[in-house]
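Working notes for the structure below.
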Amino acid sequence: MSTVFALVDCNNFYASCEKLFRPDLKYKPVAVLSNNDGCIVARSKEVKALGIKMGVPVFKIRDEIEKYGIVCFSSNYALYADLSNRVMTLLEEEAPRVEVYSIDEAFMDLSGIETAIDYEAFARRVKHKIDTWTGIAVGIGIAPTKTLAKLANYAAKKYTATGGVVDLMEAERQRKLMALVEVGDVWGVGRRISEKLRALGIHTALDLADSDPKSLRSEFSVVLERTIRELNGVSCLELESVAPTKKQIVCSRSFGNRITDKAELREAIAKYTTRAAEKLRGEKRLARVVQVFIRTGVFNPNDPRYSNSLSVELPNPTDDTRDLLEATDVLFRRIFKAGFRYAKAGVMLSDFYEHGTFQADLFRSNAQRDNAKHLMEVVDRINHSGLGNVFFAAQGTTPQWSMKRDHLSPAYTTRWEDLPRVR
DNA sequence: TCTGGGGTCCTAGGACCC
DNA sequence: TCTGGGGTCCTAGGACCC
């Protein structure tokens, strides 16, 4: 039986999470800010209605924030992840095959579910259940391909008369909707490609659906060809209910303030390395390639710019924080140059191996550090237990470089150590 | 003064080999 | 003047997503 895709997407997710615990803000404009309180990354519908765009730097809209009384929150990922898990768990109770696509959306396969003979009625019931159990409003789009399900979801949110659910299984309805949707709003068509498409006279989703996939493939890529086929009801993208293992782990941050001091930057690198190593162990993988990058700001034309990165292939893949710290420190010392105001740094891990699958070089020492596995397990367990925090000396204890989070909401649903500390 | 973070996939082009 | 033809592997960069 072919897959029936339902895309469930939480409305204004981060902003909705913040409102959940602040009923006084129910009809007020609420925005969530990026790290360092730099940009707007989520907007409640009231903020959208004010015409404030996604991604604008906060300092550019100070006047509007003041004028309209927009309530701003620093991003509180512990809270959003917790609420996300609750929503996803409910979906998994309703359908055997669910792909958690991002923190606020998931694809479900509705085919063969006894309680989902009438897809639309099923979706309305699921929507109602999520709403009553978590307080989060969702939109649901149903279609024979992922790209069409995205489109159906877009319609479910845009047209309030739909009540937040759109069934787009019929070809005729698909075409009717596509005629109304700009080509840039199709999933997989970004700013660059939509510009080029418009130059070719392709303005709506329907124009794109009626284009020749082969000739657009040669002009663009196989990705766009798949999009065209998906718009015509031919499924090219499968539901992936088991999360694929990561190929890369990145830990990077912009700093609350520019950093000029080498020791401070070094501490930041150590911190990101530690975090990346934790993620790596969470994936149950060993990494062989380690990369470090540092860079100055890119927006101030008067500041001298410097940006560099360096990677190294380790003799043996590892998940030991100490090995990784050693490697990133060497890399950092090689690329650091004094005299610049650094704005961002990061650590990347790649080239992953499963435990026990790496063929070690005969002539190199294969000695994993003694007790490495056990030690790392203990460190991770303590840090996740809520009992305390174990860390490596290189991280430093009083980071000057930590993020600005001046508008953080309390950790309503999460661990007490996530609560903002009173200083 | 102040502009997020973490991913994926695809392609072109260079190095290298026979 | 004319300057092979495949193949593989790797990397950097572009484009997209949330």
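Per chain, numbering begins at 1; letters A, B, ... match sequence-line order.
- For A/Arg341, taking side-chain heavy atoms from C-beta onward, the closest of the listed nucleotides B/dC2, B/dT8, C/dC18 is B/dC2.
- Atom-to-atom, CE of A/Met54 to P of C/dC17 comes out at 12 Å; the value is rounded to the nearest Å.
- Listed candidates were B/dG7, B/dG6, B/dT11. Nearest to the side chain of A/Lys246 is B/dG7.
- A sub-4.0 Å separation between OP1 or OP2 of C/dC18 and a side-chain N or O of A/Lys150 is present.
- Inspection of the A/Asn12 and A/Lys48 side chains reveals an N or O donor paired with an N or O acceptor under 3.5 Å.
- Here C/dA15 is the nucleotide among C/dC18, C/dA15, B/dG6 with the atom lying nearest to any side-chain atom of A/Ile193.
- Nucleotides C/dC17 and B/dG4, compared at atom C1', are 15 Å apart to the nearest Å.
- If you check every strand for non-hydrogen atoms under 4.0 Å, A/Ile249 touches sugar and phosphate atoms only.
- Using a cut-off of 4.0 Å between Lys/Arg side-chain N and Asp/Glu carboxylate O, A/Lys146 and A/Glu240 are scored as not salt-bridged.
- A sub-4.0 Å separation between OP1 or OP2 of C/dC17 and a side-chain N or O of A/Ser102 is absent.
- Side-chain N/O atoms of A/Arg253 include one lying less than 4.0 angstrom from OP1 or OP2 on B/dG6.
- Both A/Val250 and A/Val41 lie close to DNA chain B; mapped to their nearest nucleotides by heavy-atom distance, the more 5′-ward contact belongs to A/Val41.
- Among the heavy atoms of the strands, none lies under 4.0 Å from A/Val100.
- The separation between A/Tyr77 atom OH and B/dG4 atom C1' is 7 Å, rounded to whole Å.
- Of the side-chain N and O atoms in A/Arg258, one or more sit less than 4.0 angstrom from OP1 or OP2 of B/dT3.
- In summary, A/Glu326 and A/Arg322 do not engage in a salt bridge, as defined by a charged side-chain N under 4.0 Å from a carboxylate O.
- Among the nucleotides B/dT3, B/dG5, B/dG6, the one closest to the side chain of A/Asn35 is B/dG5.
- A centroid separation of less than 6.0 Å is found between the aromatic rings of A/Tyr101 and A/Trp187.
- Taking only side-chain atoms of A/Ser254, from C-beta outward, the nucleotide of C/dC18, B/dG5, B/dC2 with the closest atom is B/dG5.
- In this structure, A/Lys53 atom NZ and B/dG4 atom C1' are separated by 19 Å, rounded to whole Å.
- Ring-plane geometry between A/Tyr77 and A/Tyr80 is classed as perpendicular, the angle between the planes exceeding 60 degrees on a 0 to 90 degree scale with a lower cut at 30.
- Contact annotation: A/Arg217 does not reach the phosphate of B/dC10 (side-chain N/O to OP1 or OP2, under 4.0 Å).
- Between B/dG6 and A/Lys247, no contact under 4.0 Å exists linking OP1 or OP2 to a side-chain N or O.
- If you check B/dG7, C/dC17, B/dC2 against the side chain of A/Asn300, the one that comes closest is B/dC2.
- Salt bridge status for A/Asp131 with A/Lys127: absent, with no side-chain N to carboxylate O gap under 4.0 Å.
- For A/Arg192, counting side-chain heavy atoms from C-beta on, the closest listed nucleotide (B/dC2, C/dA15, C/dC18) is C/dA15.
- Between the C1' atom of B/dG6 and the OH atom of A/Tyr272 lies a distance of 14 Å, rounded to the nearest Å.
- Residue A/Arg226 has no polar side-chain atom (N or O) positioned under 4.0 Å from OP1 or OP2 of B/dC9.
- The nearest whole Å value for the distance from the CD atom in A/Glu230 to the P atom in B/dC9 is 15 Å.
- Whole-Å rounding puts the A/Tyr80 OH to B/dG4 C1' distance at 13 Å.
- Using modelled atom types, one finds no donor on one side chain facing an acceptor on the other under 3.5 Å when comparing A/Asn36 with A/Ser254.
- A/Asn302 has its CG atom 15 Å from the C1' atom of B/dC2, to the nearest Å.
- Counting non-hydrogen atoms under 4.0 angstrom, A/Asp37 reaches nothing in the nucleic acid.
- Residue A/Lys344 places none of its side-chain N or O atoms closer than 4.0 Å to OP1 or OP2 of B/dT3.
- For the pair A/Asn11 CG and C/dC18 P, the computed distance is 15 Å after rounding to whole Å.
- Checked against the 6.0 Å centroid threshold, A/Phe336 and A/Tyr342 count as a close aromatic pair.
- When Watson-Crick and G-U wobble pairs are counted only if both distances are under 3.5 Å, C/dT8 pairs with B/dA15.
- Here A/Ser221 does not reach the OP1 or OP2 of C/dA15: none of its side-chain N or O atoms lies under 4.0 Å away.
- As judged by a 4.0 angstrom heavy-atom cut-off over every strand, A/Val298 is placed among residues making no nucleic acid contact.
- Among the nucleotides C/dA15, B/dG4, C/dC18, the one closest to the side chain of A/Ser34 is B/dG4.
- Note on A/Lys196: nothing from the nucleic acid sits closer than 4.0 angstrom, heavy atoms only.
- At a threshold of 4.0 angstrom between heavy atoms, the contacts of A/Val56 with the nucleic acid are absent.
- By the 5.5 angstrom centroid cut-off and the 30-degree plane limit, A/Phe59 is classified as not stacked against the base of B/dT1.
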